[in-house]
Number of protein chains: 4
Amino acid sequence: MSATSGADAGAAASEGKVPRTERGRRTLRAILDAAAAEFGEKGFHEGSISGITRRAGVALGSFYTYFDSKDAVFRALVRDMSDQVRDHVAPSLRGARDQIDAERAALQAFIGFARTHKEIYRIIDEAEFVDPASFRHHYASTAERIAARLRAGAERGELRDEVSEIHAWAIMGMNVFLGLRYSVWDEESPPEAIAEVVAQLLARGIGIDR
Amino acid sequence: MSATSGADAGAAASEGKVPRTERGRRTLRAILDAAAAEFGEKGFHEGSISGITRRAGVALGSFYTYFDSKDAVFRALVRDMSDQVRDHVAPSLRGARDQIDAERAALQAFIGFARTHKEIYRIIDEAEFVDPASFRHHYASTAERIAARLRAGAERGELRDEVSEIHAWAIMGMNVFLGLRYSVWDEESPPEAIAEVVAQLLARGIGIDR
Amino acid sequence: MSATSGADAGAAASEGKVPRTERGRRTLRAILDAAAAEFGEKGFHEGSISGITRRAGVALGSFYTYFDSKDAVFRALVRDMSDQVRDHVAPSLRGARDQIDAERAALQAFIGFARTHKEIYRIIDEAEFVDPASFRHHYASTAERIAARLRAGAERGELRDEVSEIHAWAIMGMNVFLGLRYSVWDEESPPEAIAEVVAQLLARGIGIDR
Amino acid sequence: MSATSGADAGAAASEGKVPRTERGRRTLRAILDAAAAEFGEKGFHEGSISGITRRAGVALGSFYTYFDSKDAVFRALVRDMSDQVRDHVAPSLRGARDQIDAERAALQAFIGFARTHKEIYRIIDEAEFVDPASFRHHYASTAERIAARLRAGAERGELRDEVSEIHAWAIMGMNVFLGLRYSVWDEESPPEAIAEVVAQLLARGIGIDR
DNA sequence: CATGAATGAGAGTTCATTCAT
DNA sequence: TATGAATGAACTCTCATTCAT
């Protein structure tokens, strides 16, 4: 997996030192990808710097050329994963017919993303202990994006006026747990079917029939 | 917190060695309570055996009279917390008028529980890494209990026939995240209000109007 | 195995405290036998007091009613084993036709003893580290007994006059290693055959033909 | 003592990780020598890693750069000592006039070796408990070398045809115990005198007069 | 910039011994 | 005399971080 999509490379590196040469950029990239694999597989505490450098094929000491500490690389990773989810879900919202359809598309996109990035659960969850600020930021900003969508939907008359932050957190909770159950635990059901069930629930629950 | 409520004391102790004297039982209890505090505060990896025994007011070595390892006491704790939530929520279901009301009562009870047991999030979440079997069991059995309730509601004609495991996981996800947001992060809103919002959502979403 | 043959019970107990009641004597005996099994199986350092008391079927604390320390029980055991070998070999010397025959009989008896008391090697050998005095005493006194026999044989004109302490140690060395090879490692060859080979060697080597 | 004589350095290092730099090789050497001293003086169980690193003048953690465990360094040491004896005795066999003389030379060389390497007894003996495979290998291979020499002597008509594995073990036993008595316990008698006594015994016992 | 050896604080765990009952 | 819980020193091993080359 390439842990750093263009825009994020800067964010991740900002944790450490910015490489000046092309060779340096390649090494940084290798270390970040290796860190995603290491922490995704073993978790933060069981994962080790030497495990990361071994995967990356560089010397132990080279790690500290790019990151100040084990915490620093983990923080970079958490923000990177968080941004990736956001960026992967965003496009799916564009083509939605209405707000309910947008939520359906968002859940479907998220489940798809989780199926190819199962490590996201371990990494975000462990952030609760290692980097509480990023953990909080991830969920707070995700909920805020959902809430903004709900408000917009209400203004357009597609959703009931009462929609609130509570609904946003409820929807986020559903999405996260359905992703855990139907992406990480097993992939038996198609994402479309799951998203459709939730869309029905929301359509009746907070939608306005026109 | 008393980590060992009646029925669970056996389960917890079964991890370690069963004390033969009253004095031994008091010490085991003290160690379990101290472990809940230590791990709730610092997490599994940052928490230490010596931190536990210091809180419990016993010697370091005494820990090993009751548990074989740091993992063992954590496992005992996870099962204990899991059982506690279940046992705390169960009674609230009894007085419910219908299935929607039952879910409302369950969420309200859960939020109340989480407010006095904030450590439950850290402990259950960290189980994903330390004791995956218990982590899985906790959520699988919780979802199964919800699913059973939904099926019963459908049979009584209170809920739509289409209710499924997906709905159960969606509801569990809502509850967990609303508990995180409105119990652990802050307690500004009354549990009743939150539970009411969700009840409305469910009533329209999967309820049958009579 | 009964580690304490009549006469030795006193010697062993002298390490600890002499029991006053019949019940006490039974407990002491049980602890000594359990210690022989424990140390024979696991060695001194890997063996534990709790292992001994578990085998003996008594409480941990009871051990200290009879012995002051782990070292003390081991010392008692080493002397006990040493005495047992001596006492088991002694009678075999009585019926010997001459001194060469006596050595043959001694080796044969020793190999027989070692086959039923394989733990003797582990216990005596480990005494080198745990109780050097007993270790030294065991071999010094064994060698001295052999040397005395050789001198007597020489005086009776059955052995060459030059027999010395060196011969005694050489014979002891042969016996010990043949016991290791043909009792502990495997028991394929009959003790008589091995003893006969050595007897031949000695007959020619230090015997006087008459 | 230099624990790693040319050919053995590889064998010893194969237990741990092979150093890539000259500095690393020096440190490994220092640790091995320190381990020989520590274990020779205190035995395996009483000896400690920190004792080894203190003697070697390196940090505690550096030990684990070269060996995986306390057991591993001990195993390396046992094989190293075993090889050293073999390599020290071998040259003395070359100049022997006949097979009896070869055994005399071997014993003399061994006693000489033991006087400058008294720790060999403690290390080999303790291997019985810590590294049984190496213990067995040491004595089995030593006995086999002696047996091969005896067979060769018999074929050359210098020894009786009946020489066998039993004789080999008998000779090894003599050598080991004479080394213990006249090298480790005290050095009063010259090695030549002791070896001569045994040579006489063997000459009459298994030699053929020409 | 890269390398890999060196460091040492800190953790979990063991168990002989003591002690209260 | 018997019991078993309590004690705490001591040990092995880990690994993030530093540093010399």
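So you know, we letter chains A, B, ... as the sequences are listed, proteins then strands, and number each from 1.
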Using OP1 and OP2 only, check whether a side-chain N or O of [X] sits under 4.0 Å from [N].
X	N	result
D:Tyr66	E:dA6	yes
D:Thr27	E:dA6	yes
B:Tyr64	E:dT13	yes
D:Ser50	F:dC11	no

Base, sugar-phosphate or nothing for [X]? Non-hydrogen atoms, less than 4.0 Å.
X	result
B:Phe63	nothing
C:Ser62	base
D:Gly47	sugar-phosphate
D:Leu60	base
A:Gly24	nothing

Rounded to the nearest 0.5 Å, what separates atom CG in B:Asp125 from atom CD1 in B:Ile120? 9.5 Å

Hey, could you give me the CE/OG distance between B:Met81 and B:Ser134, rounded to the nearest 0.5 Å? 13.0 Å

Both distances below 3.5 Å, Watson-Crick or wobble geometry, any strand: find the nucleotide opposite F:dA20. E:dT3

Could you check how far [atom1] of [X] sits from [atom2] of [N], rounded to whole Å?
X	N	atom1	atom2	result
B:Arg25	F:dA5	CZ	P	10 Å
D:Lys42	F:dT12	NZ	P	11 Å
C:Glu46	E:dA16	CD	C1'	14 Å
D:His45	F:dA10	NE2	C1'	14 Å
A:Asp68	F:dT18	CG	C1'	13 Å
C:Ile31	F:dT3	CD1	C1'	13 Å
B:Phe67	E:dA11	CZ	C1'	19 Å
A:Leu28	E:dA2	CG	P	10 Å

Between B:Ser48 and D:Thr21, name the one whose nearest nucleotide on DNA chain E is closer to the 5' end. D:Thr21

Nearest-nucleotide comparison on DNA chain E, the residue closer to the 5′ end among B:Lys70 and D:Arg20: D:Arg20

Taking for each residue the nucleotide of DNA chain F bearing the nearest heavy atom, is the 5' side occupied by C:Gly61 or by B:Val58? C:Gly61

Any donor-acceptor pair under 3.5 Å linking the side-chain atoms of A:Thr27 with those of A:Arg23? no

Where the side chain of A:Ala59 is defined as all heavy atoms beyond and including C-beta, which of E:dG12, F:dT17, E:dT3 is the nearest nucleotide? E:dT3

Nearest-nucleotide pick for D:Thr65, side chain only, options being F:dT3, E:dA5, E:dG12: E:dA5

If you apply the rule side chain to side chain donor-acceptor pair (under 3.5 Å), what do you find for A:Arg54 with A:Ser50, and how did you get there? CA-CA 6 Å; A:Arg54 206 176 309 119; A:Ser50 74; 3.3 Å; yes

Tell me whether the rings of D:Phe44 and D:Phe39 are parallel (<30°), tilted (30 to 60°) or perpendicular (>60°). tilted

So, for C:Gly24 and C:Pro19, which heavy atoms are closest and what is the spacing to 0.1 Å? C-CB, 3.5 Å

